[in-house]
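Here is the structure we will look at, set down as structure tokens.
Values below: every heavy atom of this structure, side chains too, minus hydrogens, waters and symmetry copies. Order of the sequence lines sets the chain letters (A, B, ...), proteins ahead of strands, with each chain counted from 1. Note that this is a predicted model, so its numbers are computed, not measured.
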Amino acid sequence: MSESILNIDSITKSFVKNIVNVHGNNEDERYFIIDDLDLLVPKGKITALIGGNGAGKTTLFNIISGFVESDSGTVLYNDKSNSINISKMKPEQIARIGIGRMFQDNHIFQNLSVLENMLIADSNTFGEIPINSFFRTKKNKEVEENKIEKAKEIFENIFGNNNSFWERKNDKAKNLSYGQKRLLGLTRLLMGNYQLLLLDEPSAGVNASIIPQIMEIIKSFVDDKDLTVFLIEHNMKVVLDIADFCCFMSHGKIAALGTPDDVISNDEVRKIYMGA
Amino acid sequence: MDYIFHIIILINIYIILTTSTNLLVGMTNLLSLGQAAFYGLGAYFSVLALMVLHLTIIPALLFSAICTSLMSLLIAYPSLRLKGDYFVLATLGFQLIIYTILYNWISVTKGPFGISGIPSPSLFGLLYISGIYSFLVLSSVLAAMVIYIFYKLIHSPFGRALKGVRDDELSLLSIGRNVTSLKIWAFTLSSGFIAIGGCLYASYVAYIDPTSFNLDEAIFILAAVLIGGTGNIKGPIIGAVFVVVLPELLRLVGLPDSIGANLRQIIYGLTIILLMRFRPQGIAGEYALK
Ligand SMILES: Nc1ncnc2c1ncn2[C@@H]1O[C@H](COP(=O)(O)OP(=O)(O)OP(=O)(O)O)[C@@H](O)[C@H]1O
Ligand SMILES: [Mg+2]
């Protein structure tokens, strides 16, 4: 494998659940979701993470992006120049050093307009300090205009001139369809200054007709913007079509790893995952 | 005529209170039961400024706004780390503590006896703001200024970020924003500006005592915001007009105060219940609280 952007080293995560035992008493039981998991995510490629429901894929993403703390193990993020241990960092810090995240359930701002959803995702936070937005109005206006221009360009690059997103830029995001929300969630990642994008099931729940478009966008992240994509995906067609590498998660570990073809034809994967 | 002016001054004071509260409640979705505490702190700090430090009105306003913001910082950090209902309880706790201090620290606040004889503030030492006309002008200028400032804040990238906190904290974290610091900004700005209302009230009425800043008042301010509506500029203004004018209307139709006072509470309560049912964003608001 080429240079890696993420070194995941013996990550373990357990949760405690409260159960009713055979004597009818409440009892805490610890169960492991991720168990001593190692993985290198190669830079500049698309790596897919597959695994059954509840395998712990989203939990792994939560650990990488700082929303959940692992019990043990480290995650190293290899920036352009240095290697940063992000295991103990907060989500907003991890985002700021270049790791973007798209959630499994749409986390876009429902009561902001389509355009505002883009502007707020910009890496430049200049006017968000009230003093700047109040006293440095000229600079602030300039920054805002640049952001709007950037958003417009991103929409045009991806969806063409006269695209519906730009037309509907003042609509509240909650009025978009589910598929459009997914697309917006994906597109707004380009407003940030990211090196690595974690995408949690980008194609889940959308109309089959949009899936090719989603695949195009993800490919363009890597081909045109030189980003790295690490994605969770249940749709095997998507994995086969766009992923350079594929890893299969089972019992808290990476159970198989390789090209999508290899992994999907792996007997164990077929048995556990596809019931074949 | 003086009566009408008096009502307008009260409306102006309440506009300052509701507009400031809207930044917290309506823009950031942080329900606070402690707004009357900051209103009270603003009033008592302005007494300190006017009677002890002998400041003129503008420095006195700044003094009470800054001191109140600093006080709010003290509780902002610990309480803003709490989620949802726990934050509401923390502000309730703060409200009760401040009230108790104002009520019992008699050597400083004169407790239940209140502080009377608050002098008319002067403007640059040139003219004295006393009498209803000067206060009409002062309160209108201050209310207009507060409305203008909050209009600018709401329509700035900062306002957008606050709406982000309101909508989806998780999402905001994932795009690299420090949610806690945004909340602290909202909290301290809201408290600082509400203190201006306190300063205005103290110098206008020339007498303050803790009962003007108790939990009832905190709920009253919140009710005004909820009735008028949250998330924009119009809503809180309409709310302020509503809660100030309603009791006067009841008096006009000839209801004695003893009945009027109770009826008023019932009307506020009913209004809130009806609004929650049929128009959760309030009369003119743009956002329904979650
Ligand atoms: N905060 C939590 N507390 C307790 N259990 C949790 C928590 N978060 C996740 N889990 C459990 O961990 C397991 C893995 O969840 P996770 O969301 O990572 O699965 P997944 O692989 O993403 O599944 P899916 O394909 O359905 O999205 C599930 O059984 C879930 O119930
Ligand atoms: Mg998942």
[X] versus chain B, the contacting section by heavy-atom distance below 4.5 Å:
{"X": "A:F109", "result": "both"}
{"X": "A:K174", "result": "neither"}
{"X": "A:N140", "result": "side chain"}
{"X": "A:F67", "result": "side chain"}

(message) Is B:I149 close to chain A through its backbone or its side chain, or both, or neither, when contacts mean heavy atoms under 4.5 Å?
(response) both
(request) Identify which part of B:L189 has an atom lying under 4.5 Å from any heavy atom of chain A, answering side chain, backbone, both or neither. (result) side chain
(message) How long is the straight-line distance from CG of B:L170 back to CZ of A:R101, given to the nearest 0.5 Å?
(response) 7.5 Å
(message) What's the separation between atom NZ in B:K152 and atom OG1 in A:T137, rounded to the nearest 0.5 Å?
(response) 5.5 Å
What do you reckon, is [atom1] of [X] surrounded by more than 12 foreign heavy atoms closer than 6.0 Å?
{"X": "A:K172", "atom1": "NZ", "value": "yes"}
{"X": "B:R81", "atom1": "CZ", "value": "no"}
{"X": "B:D85", "atom1": "CG", "value": "no"}

Heavy-atom check, side chain of [X] versus side chain of [Y], under 4.5 Å:
{"X": "B:W185", "Y": "A:I131", "answer": "yes"}
{"X": "B:L153", "Y": "A:F134", "answer": "yes"}
{"X": "A:L119", "Y": "B:P157", "answer": "no"}
{"X": "A:Q110", "Y": "B:D168", "answer": "no"}

(message) Report, in residue-number order, which members of residues 176-199 of chain A are under 4.5 Å from chain B by heavy-atom distance.
(response) A:R188, A:Y194
(message) Counting only non-hydrogen atoms closer than 4.5 Å, can you tell me which residues of residues 89-98 of chain A sit against chain B?
(response) A:P91, A:E92, A:A95, A:R96
(request) Using a strict cut-off of less than 4.0 Å between a Lys/Arg side-chain nitrogen and an Asp/Glu carboxylate oxygen, indicate whether B:R160 and A:E144 qualify as a salt bridge. (result) yes
(request) Against chain A, work out which of B:G231, B:S156, B:S174 has the most heavy-atom pairs shorter than 4.5 Å and name it. (result) B:S174
Can you name the nearest heavy-atom pair linking [X] to [Y], along with the distance?
{"X": "A:I120", "Y": "B:L172", "value": "CD1-CD1, 3.8 Å"}
{"X": "A:L112", "Y": "B:D167", "value": "N-OD2, 3.7 Å"}
{"X": "B:R177", "Y": "A:N124", "value": "NH2-O, 4.4 Å"}

(message) When you measure from the side chain of A:S133 to the backbone of B:F158, do you find a donor-acceptor pair of N or O atoms at a distance under 3.5 Å?
(response) no
